[in-house]
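Quick note on labels: first sequence line is chain A, next is B, and so on, each numbered from 1. Please read all numbers here as calculations on a predicted model, not as lab measurements.
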Amino acid sequence: MAVATTDKDGAPEQGSGISISLGSLLLHGGILVAGIAAPLIWPAYTIQLSVLWLMIVFALTWDILGGQMGYNSLGNIFFFGAGMYVSAVVQIGLYHPVGEYTDSAGQGFYAFTEAQYFTGLAAGIAAAAVLSSLFAIIFGRIVFGLRGPYFAIGTLGVAIAAGELIGAWDWVGGGSGISMPPFPGDPDIGKYFFYAQNFLLAISVFIFCKWLYSTRFGLALNAIRDDEEKAEGMGIHTLRYKMVAWSIAAFFLGISGAIFGNMTGFIEPLEVAFPTVTFGIFMVLMVLLGGKGTIWGPIVGAVIFHVIKEVTWTYLLGWQWVALGALIVIIVVYFQEGVVGWLMRKKPEWFGIRVERKDDTPAEAAE
Amino acid sequence: MKHAIIEIEHVTKTFGGVVANRDVSLDVEEGGITGLIGPNGSGKTTLFNSIVGYHPIDSGSIRFQGQEISKFRVQEIARLGLLRTFQQTRIYGAMNCVQNMLISIPHRKAKFLDMFDRQARADTEKGESLLDFVGLYEKRYLMAGDLSFGQQKLLEFAMALMNEPTVLLLDEPTAGINPTLINGLIDRLRRANEEFGITLLVIEHNMRVIMNMAHKIYCLAHGELLASGTAGEIQKNQNVIDAYLGAH
């Protein structure tokens, strides 16, 4: 963790979140090196490591609304699934009739050349990002009229409805899903290829969020979180900020869905694209575990959560859902502030937060 | 007679069967300090909420600078330069005082890409000088939620000034403030009026404060306008004395 330097006035360093202290350099550099080296050192775990970066993307994008803006969405997984399906339709549709392709249920009558695969993938990812953002703007108009628990349930409804609707839509394969165009070449290279995409996406989301929170946008999100009525009363364009915040989250989630769909090779609506009770809830849990409303909290939460999940799935098979349920109860009841939230309370000076000292002259006396 | 910047005509507002404001008409003079007094439950805050678009009115008209605003939404009215503070002080608790100031800049001309602006040095300096103006400069990096109630009230006032309003509606600015601080606050309200040229409309229970400050005072009772006039006229008005002593 970068230790914020303070000037002689005791003022925390202002402005740019990207400071260049040695500690911060080591931290960011270390993560980059670890990210590149990990799949080479443990090739057998490449898929799990890929999913770890995906989890970090989930947590960081959920925190934009859930942590920074105070709007707890249970439906962010919708953009993940939407991106996955948009990408699939674009990748297939560029070179083959989509309806006939899905009818064949992956029987292999439809080949993709290497060039077709990569151009399709690039177009698919771009379309997923843009259309997911567009969906956020459309649904935002409806759900941002809701506050508190009603917002949470409203967004959950969108995600569940989307899964059901896709399941009933034969043109995109309905409930039996779509076999994605296979990666051309060695599947092992394919694993690294998708690992690199997840890794780059997570790094991009992190840098983007860090920049975003250093602009007026970050302050406006926090103002909406602390008192939305006050923010309206001060003339802040609250709806504009809420819509843009959600479409930013949707943009990155759309990309992550497109990548994940290609990585797994087979997509279907309920378990892969719109898994509200697994990925959809994991997003929230990871942020709560790590500490909401902070840049590092979601990352710490995602790493701890993913490790716990993989370990229980390996060593407590059959009991993994019980272990996960117990973890949820423990976080919600005993540890709401999360790891980074707890650290901020214990060591505020690490984060450049000033607390009142005993010897501070009260403002009244200074009159 | 000076120009009226806010003209309220025959405003009625009911909540279910309760009439909170009945046929209230009043003018707020441009550049002046106008007081609004009345016993608890007389409809002062309801009138404030009607002016700033917090709820629709049943009938009547509210004009700001000649423009009908009774159908406008809260943010639109705020961006016109008509701002209010809250009786139950409202600040952004989990942000420090400087951040509270920075996000309170006027959003009148905010274009879409302004959302992603870095904080301008000029804004920071202005915010800090206003915090100095209200006596909170030493506390500027503390979380606003950790300040005392009185300090939060001063912060809210500084935030309102940061917004460069044309008219500022203050809902009980001295309630909950340390008595030794009240004189300082009166002085600051006057300076905001005289030096920054902000028209003030003030709800106040502290008679000493309002009689000292206001150029014109309106008194509400049971949702209706009871009396209006200068401080001297109001103090002599038998209806006002009866309302406060409970003769009604």
Heavy-atom contact with chain A under 4.5 Å, split by part of B:Y54: side chain
Note: B:E156-A:K230 ion pair, threshold 4.0 Å (strictly below): yes
Do the ring planes of A:F206 and A:W296 sit parallel (below 30°), tilted (30 to 60°) or perpendicular (above 60°)? tilted
Given B:N100, B:L147, B:I105, the one with more heavy-atom pairs under 4.5 angstrom with chain A than any other is B:I105
Kindly assign one of parallel, tilted or perpendicular to the pair B:F15 and B:H55, based on the angle between their ring planes and the thresholds 30° and 60°. perpendicular
Identify which part of B:M159 has an atom lying under 4.5 Å from any heavy atom of chain A, answering side chain, backbone, both or neither. both
Heavy-atom contact with chain A under 4.5 Å, split by part of B:A160: backbone
Portion of B:N163 that has a non-hydrogen atom of chain A nearer than 4.5 angstrom: side chain
So A:F139 and A:F135, would you call those rings parallel, tilted or perpendicular, with 30° and 60° as cut-offs? tilted
Checking B:L80 against chain A: side chain, backbone, both or neither under 4.5 Å from a heavy atom? neither
Are B:I103 and B:M95 side-chain neighbours, meaning at least one heavy-atom pair lies under 4.5 Å? yes
Assign the ring pair A:Y71 / A:F144 to parallel, tilted or perpendicular, where the plane angle (0 to 90°) is split at 30° and 60°. perpendicular
By a 4.5 Å heavy-atom criterion (distance strictly below it), what part of B:D123 contacts chain A: side chain, backbone, both, or neither? side chain
Please state whether the side chain, the backbone, both or neither of A:I224 comes within less than 4.5 Å of a heavy atom of chain B. neither
So, the part of B:V74 with a heavy atom under 4.5 Å from chain A: the answer is both
So with a 6.0 Å cut-off around CZ of B:F149, is the heavy-atom count from everything else above 12? yes
